[in-house]
Amino acid sequence: QVQLVESGGGLVQAGGSLRLSCAASGNIRRINVMGWYRQAPGKQRELVASVTSGSITNYADSVKGRFTISRDNAKNTVYLQMNSLKPEDTAVYFCNANLVLISSWSESKNYWGRGTQVTVSS
């Protein structure tokens, strides 16, 4: 019913930049919150950044000032601009969307993308 497709990951040197994109498609009535999580090997998945439909943003302390999340509501797409990347940013980055389906007037559910690998070399 719903697909979240991420793109933009890759290999970059420390200090470099990458831009991730995630497009949601399917029988979507509205999307409440979109966000990016990441999971490094041997670690738990953690929130990187999120943005509401009203453009209120939230960032993990570790990425504040370096990453910027933005959203295009018309395209159901969320972006993550990552600057000044560090080796500790290496992880699989997952897109998340809390949304309401057309078939459901108010009940919201969380959906995940398959993830995109970001590798930062020192």
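Please read these numbers as outputs of a predicted model, since none were measured by experiment.
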Counting C-beta onward and ignoring hydrogens, is there a side-chain heavy-atom pair between Gln117 and Val92 closer than 4.5 Å? yes
Just wondering, are more than 12 heavy atoms of other shown residues or ligands nearer than 6.0 Å to CD in Gln3? no
So if you build clusters from Ile, Leu, Val, Met, Phe, Trp, Tyr with side-chain heavy-atom gaps below 4.5 Å, do Phe94 and Ile69 land together? no
Over all atoms of both residues, closest heavy-atom pair of Ala24 and Leu4: CB-CD2, 3.2 Å
What is the distance from atom OG of Ser25 to atom NZ of Lys75, rounded to the nearest 0.5 Å? 14.5 Å
Closest heavy-atom contact between Tyr79 and Ser21? CD2-OG, 3.3 Å
Which atom pair, heavy atoms only, marks the closest approach of Val48 to Val63? O-CG2, 3.6 Å
side-chain contact (heavy atoms from CB on, under 4.5 Å) between Leu20 and Phe67, worked out: CA-CA 11 Å; Leu20 305 183; Phe67 291 9; over 6 Å; no
Report all side-chain donor-acceptor pairs from residues 32-45 shorter than 3.5 Å, counting only partners two or more places apart or in another chain.
unit_1: Asn32; atom_1: OD1; unit_2: Arg30; atom_2: NE; d: 3.2
unit_1: Asn32; atom_1: ND2; unit_2: Asn98; atom_2: OD1; d: 3.0
unit_1: Arg38; atom_1: NE; unit_2: Glu46; atom_2: OE2; d: 2.8
unit_1: Arg38; atom_1: NH1; unit_2: Asp89; atom_2: OD1; d: 2.9
unit_1: Arg38; atom_1: NH1; unit_2: Tyr93; atom_2: OH; d: 2.9
unit_1: Arg38; atom_1: NH2; unit_2: Glu46; atom_2: OE2; d: 3.4
unit_1: Arg38; atom_1: NH2; unit_2: Ser62; atom_2: OG; d: 3.3
unit_1: Gln39; atom_1: NE2; unit_2: Lys43; atom_2: O; d: 3.1

Step through the shown structure and confirm whether more than 12 heavy atoms of other residues, nucleotides or ligands are within 6.0 Å of CZ on Arg114. no
Any side-chain to backbone donor/acceptor pair from Gln81 onto Thr68? Under 3.5 Å, distance only. no
Output for pair (Lys86 NZ, Ser122 OG), nearest 0.5 Å, gives 14.0 Å
Between Val78 and Ser70, what is the shortest heavy-atom contact and its length? CG2-O, 3.2 Å
So CZ of Arg29 and CG of Leu101: to nearest 0.5 Å the spacing works out to 9.0 Å
Spatial distance of atom CG (Asn83) from atom CZ (Arg19) [nearest 0.5 Å]: 11.0 Å
Do the side chain of Thr119 and the main chain of Thr90 share a donor and acceptor less than 3.5 angstrom apart? no
Nearest heavy-atom neighbours spanning Gly8 and Leu18: O-CD2, 3.9 Å
Among the clusters formed by ILVMFWY side chains lying less than 4.5 Å apart, do Val2 and Val100 turn up in the same one? no
At what distance, to the nearest 0.5 angstrom, does OG of Ser121 lie from CD of Gln13? 5.0 Å
Would you check if Thr57 and Tyr59 make a side-chain contact, meaning some heavy-atom pair closer than 4.5 Å? yes
Paired with Leu99, the side chain to side chain contact (heavy atoms under 4.5 Å, CB included) test is passed by just one of Ile31, Asn27, Asn76, Asn110, namely Ile31
